[in-house]
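Structure first, then comments.
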Amino acid sequence: MDLQDLYQQTLLDHGKRPRNFGPLPEATHRAEGYNPMCGDEVRLALLVEGDVVREARFEGCGCAISQASASMMTQAVKGQTVVHARELFDRFHAVVVRGEDEASDDDLGPLDCLTGVRQYPNRIKCATLAWHALKDALEGERA
Ligand code: ZN
């Protein structure tokens with residue numbers, strides 16, 4: 001199995017069985033994202049205490065990439081500081097959207113497999129939807 005297959009399997013697995021899927025009534029921050037190109041929807045809810053993202057959950061529907069991306073994103077930011085969550089967004093955005101060097105992709109850990117969407121420009125919005133919701137949620141007013 002080559003790396004590409006492994007990435008694809010991880011994506012499909014998250015797409016089929018998204019982690020952190022469901023409502024978060026105690027959320028302090030919320031944001032929604034919609035990708036009209038594909039019909040993907042993501043509603044993100046965060047519970048931020050002090051400067052730590054204690055809980056991250058999402059609801060939504062759409063293609064496997066958008067839901068897998070939201071699933072992985074919530075896993076990646078849960079338990080992290082707000083500063084680190086923002087850094088992850090910047091890093092992810094730099095690699096996927098601006099096509100920056102992959103040399104320091106290590107920073108992205110399991111999110112690495114999402115960077116493969118760079119090869120499919122019309123799917124990039126699917127992969128970044130949840131991340132923009134993350135950014136909006138962190139920048140928005142407290143709910
Ligand atoms: Zn999509």
Side-chain angles (χ1 to χ4, degrees), residues 1-48 52-143:
M1 189 192 296
D2 68 18
L3 205 56
Q4 208 56 46
D5 289 340
L6 181 70
Y7 284 177
Q8 206 135 41
Q9 284 213 344
T10 308
L11 264 182
L12 287 175
D13 181 53
H14 276 267
K16 256 189 271 178
R17 297 184 299 119
R19 318 313 195 257
N20 306 311
F21 190 92
L24 182 61
E26 67 270 39
T28 55
H29 295 67
R30 294 177 192 275
E32 295 183 12
Y34 177 60
N35 170 20
M37 283 173 73
C38 187
D40 307 320
E41 286 176 37
V42 167
R43 291 184 298 283
L44 179 68
L46 304 174
L47 172 62
V48 179
V52 176
V53 181
R54 290 272 169 231
E55 190 61 69
R57 285 202 208 141
F58 78 101
E59 295 176 282
C61 55
C63 70
I65 291 176
S66 69
Q67 304 303 300
S69 178
S71 170
M72 288 185 208
M73 184 276 288
T74 52
Q75 274 196 324
V77 301
K78 210 159 125 172
Q80 304 290 342
T81 63
V82 169
V83 171
H84 185 72
R86 284 184 206 273
E87 279 169 7
L88 270 177
F89 170 85
D90 289 341
R91 187 77 210 119
F92 184 79
H93 201 260
V95 172
V96 174
V97 178
R98 298 206 300 273
E100 278 179 20
D101 196 0
E102 280 180 278
S104 51
D105 259 10
D106 290 351
D107 302 356
L108 289 171
L111 302 171
D112 235 11
C113 59
L114 286 169
T115 62
V117 299
R118 279 192 304 188
Q119 296 158 40
Y120 312 99
N122 57 342
R123 307 311 295 275
I124 286 177
K125 279 209 161 71
C126 304
T128 56
L129 184 65
W131 290 85
H132 283 288
L134 170 69
K135 192 165 185 267
D136 290 347
L138 289 175
E139 281 173 3
E141 301 278 316
R142 281 185 173 253

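All values reported here derive from a predicted model rather than from experimental measurement.
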Quiz item: To the nearest 0.5 Å, what is the distance between CE (Met73) and OG1 (Thr128)?
Solution: 11.0 Å
Practice problem: Rounded to the nearest 0.5 Å, what's the gap from CZ on Arg57 to OG1 on Thr74? Could you check? | Solution: 10.0 Å
Practice problem: Working to the nearest 0.5 Å, report the span between CD1 of Ile65 and CE of Met72. | Solution: 10.0 Å
Quiz item: Thinking salt bridges, do Arg86 and Asp90 make one under a 4.0 Å N-O criterion?
Solution: no
Quiz item: How many angstroms lie between atom CD of Glu139 and atom CG of Leu134, to the nearest 0.5 angstrom?
Solution: 9.5 Å
Quiz item: Would you say the side chain of Leu46 lies within less than 4.5 Å of the side chain of Leu24, judging by non-hydrogen atoms?
Solution: no
Practice problem: Classify the ring geometry between Phe92 and Trp131 as parallel (under 30°), tilted (30 to 60°) or perpendicular (over 60°). | Solution: parallel
Quiz prompt | Heavy-atom pair with the smallest gap, counting every atom of Ala56 and Asn20 | solution = O-CB, 3.3 Å
Exercise. Mind listing the closest non-hydrogen atom pair of Ser69 and Cys126 along with its distance?
Key: CB-O, 4.3 Å
Practice problem: Can you see which heavy atom on Asp13 is nearest to which on Arg19, and at what distance? | Solution: OD2-NH2, 2.7 Å
Practice problem: Locate the shortest heavy-atom distance separating Arg123 from Cys38; write the atom from each residue and the value. | Solution: NH2-SG, 4.4 Å
Quiz item: If every non-hydrogen atom of Ala76 is compared with every non-hydrogen atom of Leu88, which pair is closest and at what distance?
Solution: O-CD1, 3.8 Å
Quiz item: Is a donor on one side and an acceptor on the other found under 3.5 Å between the side chain of Ser71 and the backbone of Gln67?
Solution: no
Practice problem: Report the distance from atom CD of Glu32 to atom CD of Glu59, rounding to the nearest 0.5 Å. | Solution: 10.0 Å
Quiz item: Stepwise, does the side-chain contact (heavy atoms from CB on, under 4.5 Å) test hold for Lys135 with His93?
Solution: CA-CA 11 Å; Lys135 192 165 185 267; His93 201 260; over 6 Å; no
Quiz prompt | Inter-residue atom distance Ser66.OG - Lys125.NZ, 0.5 Å rounding | solution = 14.0 Å
Exercise. Under the side-chain contact (heavy atoms from CB on, under 4.5 Å) rule, what do Arg43 and Arg30 come out as? Steps first, then yes or no, please.
Key: CA-CA 7 Å; Arg43 291 184 298 283; Arg30 294 177 192 275; over 6 Å; no
Practice problem: Could you pull out the closest heavy-atom pair between Gly62 and Asp40, with the gap in Å? | Solution: CA-OD1, 3.4 Å
